[in-house]
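Structure record follows, encoded as structure tokens.
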Amino acid sequence: MGTDSLMNALAELRARFANALAEFTPDPAQFAAMVKPTQDANFGDFQANCAMPLAKQRGENPRVLAAEIVGKLDIADLCQPPEVAGPGFINIRLRDDWLTEQINRNVVDSRLGIEQVAKPKRIVIDYSAPNVAKPMHVGHLRSTVLGNALYRVAKFLGHHVLGDNHIGDWGTQFGMILFGYKNFLDRAAFEQNAVGELARQYRLVSQLTGFHEAKAEHPKAENRLAQLQSELNAAEPNKPTNDKSAEKTLKKLRTDVSDVREQLTSLKKQIEAVESSPPLKALADAHPQIAELARFETAKLHGGDEENTRLWNQFVPQCLAAIQGIYDRLDIRFDMTCGESFYNPMLADVVAEFQAKGLASESDGAICVFIPGNAAPFIIRKRDGAFTYASSDLATIRYRVNDLQADTMLYVVDTRQSEHFRLLFETAKLWGYGDRELVHVNFGTILGKDNKPYKTRSGDTIGLESLLDAAVARARQIVNENDDSKPEGRELSDAARTSVAETVGIGAIKYADLRHNRESDYVYDEDKMLATNGDTATYMQYAYARVAGIFRRGGINREPLRSGGGRVVFTHPSERALSLQLLRFNEALDGVLAENRPNILTDYLFATANSFSTFYQECSVLKEPDEAIRTSRLLLCDLTARVIAAGLDLLGMKTCEQM
RNA sequence: GCGCCCGUAGCUCAGUUGGAUAGAGCAACGGAUUUCUAAUCCGUAGGUCGGGGGUUCGAAUCCCUCCGGGCGUGCCA
């Protein structure tokens, strides 16, 4: 395969442009990078935007320069003669013979034309990271789905990737279960379902703790409200006419008042939830110091207390096994699960090293790293001597660099922790890890239809499991309806329907998450993600199933088809469009990794499935009388199916042969 | 108070280091089916890209400012 690079049209064009541009600039690569796919097919397949900025730099006429560049270009083997348009765009249309050459190469390529990277990096992807003490909830969805997609793509492109689940197994939450276990355990329930009972303990202790805090906070909030209210009442009547700053203060007061009101109602709700239930109220009254006692259990665990250590060793594997159930369903496996407890033994040494090197200093009793230009300190040990997640994260970096030889570390974590990671990375740089790539792959919040963080109507967080169940149940309904309404009656067995529903339901959730720009918040809308039309996982899965249907109906074996020596030929515009689209798979994958944005791949797959649907509409395959054309179309179908299945697989989604 | 982010079509969202007439999906309207699966395709309509100013041959994108919203903010992770 001496012409590997030809498989990537964009890269090849850029290389050719770089050659031509060498005569005009010392930095041809920068300008060659301005070759891009066109947005509008009327302008051809690719466009080069380099003439304008280059002309500006050289003080020349951009159109004239564009023509000169075209004159130096050696691309006649791949493109039709380029055209200069507008202020100096160079429009390029690939030659059909070159295109068919490439597509025929990909048709028989097991990697679908995707090369592995020349210089693989060792990448650690830190994602999902649930707290094992409590059930996974909607807040874990994005990290889990996004991280896994990046993991799969990086791996497919040939990087050495380690997926690491940095679980919370050592924090205050564990003290809460320990306290609950010792004081409130329902033994029978525990025998029957240990993890469920532990989760109940967590919720119970957390509720009681919250109750006492709310009790203490409530009068303070009322005072604050009263004070703000009176300030507002005083300010409101002498409303200034044209005083901007006074107006602003007034507005600020109003929002403060409504904020405190909101806080008050939520406190009341918390209090009422306990007080309206006599058994809960009795528990609360019996344990006024519950928060402190739970913290004490955590401290005992950290101190090596025998009983707590024994319970911890018993609980953690059980909790992990329960979480694994969700991962199995989501088709996710980690290479390693090194949580907080794994790094615990290293923390004292890390802090000592920072102190010894003079990188950290004491402030108000806490050990802090102060980064110039940052107001907030990076606290690596608290006043009470306990370590923080800052110290744990530093130990993690050291481990990943020294023991795992990581070049790149990705942290797929909520954007609200941006500041923490900024400080963490700065601190790591001071510590001597400035040569490693540390990236916070941040993402936004999943919102409910009220545009607030997604919660149940009563304000509880939504369990991940129930989210999956709901989507699958809805998918099952749709599968039933669709299959029942087939012209010749139902085609799927009950078992098949169940399996399709799982594939479609889980796919819907994942796709809905991945198709958004990760940095945006998005509204969780089950109706939309499971709609039978539109930009959904189902659309891609359906396109795949249609291809599978062709091969099934035609009784065609795909392996022999590929090796049968048939060739793709263009007889219809939709065949060309589909082929070009299929050849762009590598652009999409490169794009995903360049910015850690899987939505680039969802966009690509949607466009691909769309291209296919058009082709499917315009070109009959099995009914095509000309055998060469029929074979050509079968080859296109086969490659389409493989690209869609591979793309979905890289996003963590499955396909079905029939749906 | 300080810091970060966002504001694009009626709704949900894309928009690649500044590029051509700002794009999808849904909803609306009009077409296509003796179905290789209509969970589809083709078309129409819909936007002062929050307002204003600036830089540029060229701005949704960069800078300033104002308005509106979200998030974070020294010992939770």
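The model shown is predicted, which means the values in this text are computed figures rather than measured ones. Numbered from 1 within each chain, the chains take letters A, B, ... in sequence-line order.
- At a threshold of 4.0 angstrom between heavy atoms, the contacts of A/Lys252 are confined to the sugar-phosphate backbone, with no base atom among them.
- Atom CZ in A/Arg422 sits roughly 14 Å away from atom C1' in B/C71 (whole-Å rounding).
- Looking at heavy-atom distances under 4.0 Å, A/Gly549 makes contact with sugar-phosphate atoms alone, never a base.
- Within the cation-pi definition used here (under 6.0 Å to the ring centroid, within 45° of the axis), A/Arg584 qualifies as a partner of A/Phe46.
- Taking the side chain of A/Glu419 as heavy atoms from C-beta on, and the options B/G74, B/C41, B/G72, the nearest nucleotide is B/G72.
- Nearest heavy atom pair, residue A/Thr503 against residue A/Thr655, reads CG2-N, 4.0 Å.
- When heavy atoms are screened at a 4.0 angstrom cut-off, A/Ala390 is found touching no nucleic acid atom at all.
- Nucleic acid contact for A/Arg416: sugar-phosphate only, since backbone atoms but no base atoms lie under 4.0 Å from a heavy atom of the residue.
- Proximity of A/Asn517 to the phosphate of B/G15: a side-chain N or O atom is located under 4.0 Å from OP1 or OP2.
- Residues from residues 38-47 of chain A that place a heavy atom under 4.0 Å from any atom of RNA chain B, listed by number: A/Gln39, A/Phe43, A/Gln47.
- Comparing B/C6 with B/C13, their C1' atoms sit 13 Å apart, to the nearest whole Å.
- In this entry the distance linking CZ of A/Arg518 with P of B/A14 reads 12 Å, nearest Å.
- Taking atom P on both nucleotides, B/G7 is separated from B/A60 by 14 Å, rounded to a whole Å.
- In this structure, A/Asn451 places its CG atom 13 Å from C1' of B/C13, rounding to the nearest Å.
- A distance of about 14 Å separates the C1' atoms of B/A38 and B/G31, rounded to the whole Å.
- Taking atom C1' on both nucleotides, B/G69 is separated from B/G74 by 28 Å, rounded to a whole Å.
- Side-chain rings of A/Phe31 and A/Phe17 stay apart, their centers remaining 6.0 Å or farther from each other.
- When distances run from any side-chain atom of A/Thr532 to the nucleotides B/C41, B/A39, B/U12, the shortest one goes to B/A39.
- For A/Asp364, the listed nucleotide lying nearest its side chain is B/G74; candidates were B/C71, B/G74, B/A39.
- For the atom pair CE (A/Met136) and SG (A/Cys319), the distance works out to 12.5 Å, reported to the nearest 0.5 Å.
- Residue A/Thr614 is classed as a sugar-phosphate contact, given heavy-atom separations below 4.0 Å to backbone atoms only.
- The side chain of A/Leu622 sits closest to B/C36 out of B/G74, B/A14, B/C36.
- The side chain of A/Asn599 lies closest to B/G15 when the candidates are B/G74, B/G15, B/G19.
- OP1 or OP2 of B/C36 has at least one side-chain nitrogen or oxygen of A/Lys623 nearer than 4.0 Å.
- Within 4.0 Å (heavy atoms only), A/Asp603 reaches sugar-phosphate atoms of the nucleic acid but no base atom.
- Between the P atoms of B/G46 and B/A24, the separation comes to 14 Å (whole Å).
- Among the atoms of the strands shown, base atoms are found under 4.0 Å from some heavy atom of A/Gln658.
- Both thresholds, 5.5 Å between centres and 30° between ring planes, are not jointly met by A/Tyr616 relative to the base of B/C41, so the two rings are not stacked.
- Relative to the side chain of A/Ser613, the nucleotides B/A77, B/C57, B/U40 differ in distance, and B/U40 lies closest.
- Regarding contacts with the backbone of B/C76, a side-chain N or O of A/Lys382 is found under 4.0 angstrom from either OP1 or OP2.
- Using modelled atom types and a 3.5 Å distance limit, the side chains of A/Asn599 and A/Arg518 yield no donor-acceptor pair.
- Between A/Ser128 and the choices A/Thr337, A/Thr144, A/Asp164, the side chain to side chain donor-acceptor pair (under 3.5 Å) rule is met once, by A/Thr144.
- Listed nucleotides: B/G74, B/A39, B/G25. Nearest to the side chain of A/Lys528: B/G25.
- Residues A/Val441 and A/Tyr127 fail the side-chain proximity criterion, which asks for heavy atoms closer than 4.5 Å.
- Between A/Lys449 and A/Asp525 there is a side-chain heavy-atom pair separated by less than 4.5 Å.
- Side-chain atoms of A/Thr608 and A/Gln581 include a donor-acceptor pair closer than 3.5 Å.
- Ring centers of A/Tyr411 and A/Phe425: under 6.0 Å apart, within the cut-off.
- As rounded to whole Å, 15 Å separates atom C1' of B/C11 from atom CG of A/Asn533.
- Within the 4.0 angstrom heavy-atom criterion, base atoms lie near A/Ala366.
- Heavy atoms of A/Asp384 sit nowhere under 4.0 angstrom from any nucleic acid atom.
- Taking side-chain N and O atoms only, A/Tyr539 has a distance below 4.0 Å to OP1 or OP2 of B/C41.
- Candidate nucleotides B/U12, B/C36, B/U17 were compared by shortest atom distance to the side chain of A/Arg553, and B/C36 ranks first.
- Between the side chains of A/Arg633 and A/Thr571, at least one donor-acceptor pair of N or O atoms lies under 3.5 Å.
- Applying the 5.5 angstrom centroid cut-off and the 30 degree plane-angle cut-off, the aromatic ring of A/Phe606 is not stacked upon the base of B/A24.
- Within 3.5 Å, no donor on the side chain of A/Thr536 pairs with an acceptor on the base of B/G25, nor the reverse.
- At B/A38, one or more side-chain N or O atoms of A/Arg546 fall inside 4.0 Å of OP1 or OP2 (strictly under the cut-off).
- Side-chain atoms of A/Gln617 lie closest to B/A32 of the nucleotides B/G19, B/A32, B/A77.
- The phosphate of B/A14 (OP1 or OP2) has a side-chain N or O of A/Ser520 nearer than 4.0 angstrom.
- Checking A/Asp513 against A/Tyr522 by side-chain atom types alone, a donor-acceptor pair falls below 3.5 Å.
- For the P atoms, the distance from B/A22 to B/G50 is 15 Å, rounded to whole Å.
- Counting any heavy atom pair closer than 4.0 Å across all strands shown, A/Ala55 reaches no nucleic acid atom.
- A/Gln30 comes within contact range of no nucleotide atom at all, as no heavy-atom separation falls under 4.0 Å.
- Nucleotides of RNA chain B nearest to A/Val523 and A/Val504 differ in position, and the one nearer the 5' end is that of A/Val523.
- A donor-acceptor contact under 3.5 Å is not formed by the side chain of A/Asn610 with the base of B/A24.
- The aromatic rings of A/His420 and A/Tyr389 lie parallel to each other, their planes meeting at an angle below 30°, with 60° marking the opposite boundary.
- When heavy atoms are screened at a 4.0 angstrom cut-off, A/Pro53 is found touching base atoms of the nucleic acid.
- Residue A/Asn442 is classed as having no contact, given no heavy-atom separation below 4.0 Å to the nucleic acid.
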- Task: Whenever both distances are under 3.5 Å in a Watson-Crick or G-U wobble pair, mark it; put RNA chain B into dot-bracket that way, with [ ] for crossing pairs and | when the partner is on another strand.
- Result: (((((((..((((.....[...)))).(((((.......))))).....(((((..]....))))))))))))....

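- Looking at heavy atoms from C-beta onward, A/Asn442 lies out of side-chain contact with A/Phe421 at the 4.5 angstrom threshold.
- Comparing the P positions of B/U17 and B/U61 gives a spacing of 15 Å, expressed to the nearest Å.
- The same atom, P, is picked in B/C11 and in B/C49; the two are 16 Å apart, to the nearest Å.
- Using a 4.0 Å heavy-atom criterion, one finds that A/Ser418 contacts no nucleic acid atom at all.
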